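Below is one structure, written out as structure tokens, with a few remarks after it.
Proteins get letters first, then strands, A, B, ... in listed order; numbering begins at 1 in each. Everything numeric here is computed off the predicted structure, so don't read it as measured data.
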2 protein chains.
Amino acid sequence: MQTDMYMTTLKDRGYRLTGKRREILDFLLQNNRYVTARELIDHLRESYPTLSLETVYRNLKTLRDEGIIEESRFDELEARYRMACQNGHHHHYICVMCGKTIMLDHCPMPALGCAPSGFTVLQHRFEVLGYCSDCQPAPESSPEQKN
Amino acid sequence: MQTDMYMTTLKDRGYRLTGKRREILDFLLQNNRYVTARELIDHLRESYPTLSLETVYRNLKTLRDEGIIEESRFDELEARYRMACQNGHHHHYICVMCGKTIMLDHCPMPALGCAPSGFTVLQHRFEVLGYCSDCQPAPESSPEQKN
DNA sequence: TTCGTTGCAAAGGATTTGCAGCGTA
DNA sequence: TACGCTGCAAATCCTTTGCAACGAA
């Protein structure tokens, strides 16, 4: 299974193979979406009731440093994590409710032409936010229109 | 001056016209870029040495609630603020060093076609990040390549 | 045995809130 | 005067760190 591959990679780099780390990877691999540290610990405590939030953060930091996962913040205080994309450049539809991501192969950069004089492009971000098919908006409050 | 216009708007909505609020608006209007609360207070303390960070945050919250400014977090813990765009939809080149923004009229959405089945698009984000002409990268450390 | 990993307690940075005094209208 | 605004102190939320015990290789 894919988790083993990542665990082997980690072992090769001098890390130990712990059950907690494996479960974090498992969860992220099984959930194709951005999850918060809080979500992770809520899930992982089913297997490891004594798991601490610090351990989750430390493991997330390790995985991030090793390029295995990505951290992102959608203008919120709380960070969210997902498996890093290993296969090429692309963007995503992202569900603002559950964090689910759907790949999007269109990239706006080629259509952009030259950057303004003196501007050195480092990277770009393109995300389409909304509700996925499993998460429909609450009917009472219409979502705010932001352009 | 433009600040007066916003202050009048605020007054009409039941807020008081305080010098501190005016200076925050002044600073944001004069700096076409994303600034942090810390940057703001550092500047504003020249005029108001006793100004507290809480007041800055409270004013930023008011301005945000009234749609006058925008809050954004570039995957950092600290939030950044700028005047909200009043004139139509567009995106930006953003300097990761000083937060300066340069308007960009290309929008990737029209080229996108249909959203995946069941996905309700709420909004999107497109930003080109890099160094502006005033901020060149430090030569020693090459910036990390992120796609 | 070695050295990475963990939980606990505590610290840290960003942001918010309770409260009483101050200032604008 | 009325009520929004402010500073202070304290709280909150998210995240990191020091330390000693634990566990994988």
Side-chain angles (χ1 to χ4, degrees), chain A residues 3-4 6-26 34-42 44-66 68-81 99, chain B residues 3-4 6-26 34-42 44-66 68-81 99:
Chain A
T3 311
D4 294 321
Y6 287 108
M7 291 302 276
T8 305
T9 303
L10 287 170
K11 190 182 173 192
D12 290 347
R13 300 185 189 171
Y15 296 98
R16 301 277 159 84
L17 305 187
T18 69
K20 293 165 193 185
R21 183 132 65 207
R22 165 178 292 278
E23 284 250 348
I24 290 177
L25 272 171
D26 268 345
Y34 282 99
V35 301
T36 63
R38 179 54 64 184
E39 273 183 278
L40 265 172
I41 198 172
D42 285 348
L44 293 172
R45 279 212 169 129
E46 291 172 16
S47 313
Y48 297 96
T50 65
L51 177 68
S52 71
L53 201 47
E54 299 86 331
T55 296
V56 173
Y57 277 115
R58 270 190 277 232
N59 275 303
L60 288 171
K61 179 171 176 8
T62 298
L63 295 173
R64 194 209 308 148
D65 290 348
E66 295 302 321
I68 293 172
I69 65 172
E70 287 175 359
E71 180 187 279
S72 199
R73 244 176 259 266
F74 303 123
D75 291 349
E76 295 164 342
L77 199 57
E78 205 176 4
R80 289 167 184 269
Y81 304 86
Chain B
T3 311
D4 294 319
Y6 287 108
M7 291 300 278
T8 305
T9 303
L10 287 170
K11 189 183 171 189
D12 290 348
R13 298 186 190 169
Y15 296 99
R16 299 280 158 83
L17 306 187
T18 70
K20 293 164 192 186
R21 183 132 65 205
R22 166 178 291 278
E23 285 249 349
I24 290 177
L25 273 171
D26 269 345
Y34 283 99
V35 301
T36 62
R38 178 53 65 184
E39 272 184 279
L40 264 172
I41 199 173
D42 285 348
L44 293 172
R45 278 210 169 129
E46 292 172 15
S47 312
Y48 297 96
T50 65
L51 177 67
S52 71
L53 201 47
E54 298 86 328
T55 296
V56 172
Y57 276 115
R58 269 190 276 231
N59 274 302
L60 287 172
K61 179 170 175 11
T62 299
L63 294 173
R64 194 210 308 147
D65 289 348
E66 295 302 323
I68 293 172
I69 66 172
E70 286 175 359
E71 181 186 280
S72 199
R73 242 176 262 264
F74 303 123
D75 290 348
E76 294 164 342
L77 198 58
E78 205 176 4
R80 290 167 184 269
Y81 304 86

Item checked: Contacts of type side chain to side chain contact (heavy atoms under 4.5 Å, CB included), residue Phe74(B), not counting sequence neighbours -> Arg125(A), Tyr34(B), Ser72(B), Arg80(B), Ile94(B), Glu127(B)
Next item on the list: Could you pull out all residues at least two apart from Asp42(B) that satisfy side chain to side chain contact (heavy atoms under 4.5 Å, CB included)?
Entry: Arg38(B)
Check: For the pair made of OH in Tyr48(B) and C1' in dG23(C), what is the distance, rounded to whole Å?
Finding: 12 Å
Notebook entry, point to check: Counting distance only, does the side-chain N/O of Glu39(A) pair as donor-acceptor with the main-chain N or O of Thr36(A) below 3.5 Å?
Noted result: yes
Check: Under the side chain to side chain contact (heavy atoms under 4.5 Å, CB included) test, which residues partner Thr3(B), sequence neighbours left out?
Finding: Met1(B), Met7(B), Arg22(B), Leu25(B), Asp26(B), Leu29(B)
Check: Along nucleotides 15-20 of chain C, 5' to 3', which nucleotides get a B, which get an S, and which get a -, given that the test is a protein heavy-atom distance under 4.0 Å?
Finding: BBBB--
Check: Expressed in angstrom and rounded to an integer, what is the separation of Leu60(A) atom CG from dC14(D) atom P?
Finding: 14 Å
Margin query: From the set dT6(C), dG7(D), dA25(C), return the single nucleotide nearest to any side-chain atom of Ser52(B).
Written below: dG7(D)
Check: At under 4.0 Å, does any side-chain N or O of Thr50(B) touch on OP1 or OP2 of dT6(D)?
Finding: no
Next item on the list: Rounded off to whole Å, could you give me the OH-to-P distance for the Tyr15(A) and dT6(C) pair?
Entry: 12 Å
Next item on the list: Could you pull out all residues at least two apart from Glu66(A) that satisfy side-chain hydrogen bond (donor to acceptor under 3.5 Å, both in side chains)?
Entry: Arg13(A), Tyr15(A)
Notebook entry, point to check: Whole Å only: how far is the CG atom of Asp12(A) from the C1' atom of dA25(D)?
Noted result: 14 Å
Next item on the list: Round to a whole Å and report the spacing from CG of Leu40(A) to P of dC14(D).
Entry: 14 Å
Check: Do the side chain of Thr55(A) and the main chain of Leu51(A) share a donor and acceptor less than 3.5 angstrom apart?
Finding: no
Notebook entry, point to check: At under 4.0 Å, does any side-chain N or O of Thr18(B) touch on OP1 or OP2 of dT6(D)?
Noted result: yes
Note to self: In whole Å, I'd like the distance from the CD atom of Glu76(B) to the P atom of dC14(D).
What the structure shows: 19 Å
Notebook entry, point to check: Got a sec, which residues hit side-chain hydrogen bond (donor to acceptor under 3.5 Å, both in side chains) with Lys61(A), two or more places apart in sequence or on another chain?
Noted result: Asp65(A)
Checklist line | Residue Arg16(A), side-chain heavy atoms: nucleotide from dG23(D), dG7(C), dG7(D) that is nearest | finding: dG23(D)
Margin query: What is the distance, to the nearest angstrom, from the CZ atom on Arg22(B) to the P atom on dA25(C)?
Written below: 10 Å
Item checked: Rounded distance (Å) that lies between atom P of dC3(C) and atom NZ of Lys11(A) -> 17 Å
